[in-house]
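First listed ligand is number 1; within each ligand, the first listed atom is number 1.
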Amino acid sequence: MIIVTRKGVTQDQLDHIRERVEALGLRTHVSSGEHRTIIGCLGDEGILQNIPLLSLPGVETVHEVLKPYKLASKDFAADPTRVQLGAVEIGGADVVVIAGPCSVEGRDMLGATARRVKQAGARALRGGAFKPRTSPYSFRGMGEDGLKLLAEVRAETGLPVVTEVMDTREVDLVAAYADVLQIGARNMQNYALLMEVGRLRRPVLLKRGMAATVKDLLLAAEYVMSQGNTNVILCERGIRTFETATRNTFDLAAIPVLKRETHLPVVADPSHAGGRRDLVAPLAFAAVAAGADGLMIEVHPDPETATSDGDQSLDFAEFDSLMEQLGLFAHAAGRGLAGAEVAAG
Ligand code: PEP
Ligand code: MN
């Protein structure tokens, strides 16, 4: 931690700052310039988070030297983390596609979607049974019946299932059915929920909050990991900005930034980012070019009748065509497309 003092800081103020820091067992190193004095703090800087340094008289700014996220940071892992998702892993050489409806609506639509996306090369099935809806009057999911359908369709197709958990009270229930627990954008900073899924060893797909910085996302991952669950997949799904032409603003740069900062796999969700089906393919290709390890895409047999997110859901033909082109983008980015052999065979 580096403490930069105000112009005109007094010796008494400097001594006080140093005393406070040293009282916590750290050493200080003072460097006096013409206008500013800088105090370097040596030792476990995490401890310093316990004092409100900016409130000490004479302090102007404080800079962290080490990353506040430790377990999620690349500095703390020799190799990229690969998260096992059924027979494939996310974070390895191949780009992995997770596809399925926004919401589980029934047996037939879920089964038909799963069979079709599998045929096109998807390696996991998504589908919400507990749905976070902005309005309490919108369809909020089938609940446990939806989870049962996901498990049935997994048994039939072999596709592992990714589904959202919204409430600490439902973590064990959802984990009884899901292969991957999705934490949605609205819950990215629900720390009780993060700790609860951290208690399990089931992979977690953590979506970036609408108003969350990359650092916030990594600290949310840190919550999960601090409980012992290191199987975390990060998901860029767009953030809120002043732009209204798209549902969210897809933060493409967050993908290479995350890949630089963390060893965790990063996937992108072009469906929620763009909010319109014609944007899904270009955003998906861009995400792969930017280094995403996977994609999560909403697909519905008849988007017009979808109970949620129909505007951004691809129909089967659109998904087929996206998958055909995706292989080329993955190849250009030096990656393979997991499941391409399935689609070809
Ligand atoms: C979803 O994946 O259907 C969803 C609700 O996503 P988000 O949390 O990113 O809005
Ligand atoms: Mn959705």
*Do His272 and Asp309 have side-chain atoms, one donor and one acceptor, less than 3.5 Å apart?*
yes
*Numbered atoms and elements of ligand 1 in range of Glu298, under 4.0 angstrom, heavy atoms*: 3 (O)
_Using heavy atoms and a 4.0 Å limit, tell me yes or no: is Gly128 in contact with ligand 1?_
no
*asked:* I'd like the name of whichever of Arg186, Glu164, Lys131 reaches closest to atom 3 (O) of ligand 1 through any heavy atom.
replied: Lys131
*For atom 4 (C) of ligand 1, grab the closest protein heavy atom and report residue, atom and distance to one decimal in Å.*
His272 NE2, 3.4 Å
*Inspect the contact between Arg202 and Asp179 and indicate whether a charged nitrogen and a carboxylate oxygen are less than 4.0 angstrom apart.*
no
*Can you tell me the protein heavy atom closest to atom 2 (O) of ligand 1 and the distance?*
Arg126 NH1, 2.7 Å
*asked:* Give me the residue, atom name and distance of the protein heavy atom closest to atom 8 (O) of ligand 1.
replied: Ala185 N, 2.7 Å
_Do Tyr223 and Gln189 pair up side chain to side chain, a donor and an acceptor below 3.5 Å, judged on atom types alone?_
no
_Tell me whether Thr262 contacts the main-chain N or O of Leu258 through its side chain, where contact means a donor paired with an acceptor under 3.5 Å._
no
*Do Met296 and Ser271 come within less than 4.5 Å of each other through their side chains, counting heavy atoms only?*
no
_Just verifying a value: how many Å separate Gln325 CD and Asp320 CG, rounded to the nearest 0.5 Å?_
11.5 Å
*Does any N/O atom on Lys207 come nearer than 3.5 Å to any N/O atom on ligand 1?*
yes
*Has Arg208 got any heavy atom lying under 4.0 angstrom from an atom of ligand 1?*
no
*Without hydrogens or angle criteria, can the side chains of Glu22 and Thr28 be said to hold a donor-acceptor pair below 3.5 Å?*
yes
*Angle subtended at the Mn ion (ligand 2) by SG of Cys102 and NE2 of His272, nearest 10°*: 170°
*asked:* Out of all atoms in ligand 1, which are within 4.0 Å of some heavy atom of Cys102? Include the element for each.
replied: 3 (O)
_Applying the salt bridge (charged side-chain N to carboxylate O under 4.0 Å, His left out) criterion to Glu298, which one of Arg237, Arg126, Arg247 satisfies it?_
Arg126
*Around atom 9 (O) of ligand 1, find the nearest protein heavy atom and jot down its residue, atom name and distance.*
Arg237 NE, 2.6 Å
*Restricting to N/O/S, name the atom of Asp309 that gets closest to the Mn ion (ligand 2).*
OD2
_Subset of ligand 1 atoms that lie under 4.0 Å from at least one heavy atom of Gly184_ = 8 (O)
*For Arg199, does the CZ atom sit with more than 12 other heavy atoms under 6.0 Å from it, leaving out its own atoms?*
yes
*asked:* With carbon and hydrogen excluded and only N/O/S kept, which atom of Glu298 is nearest the Mn ion (ligand 2)?
replied: OE2
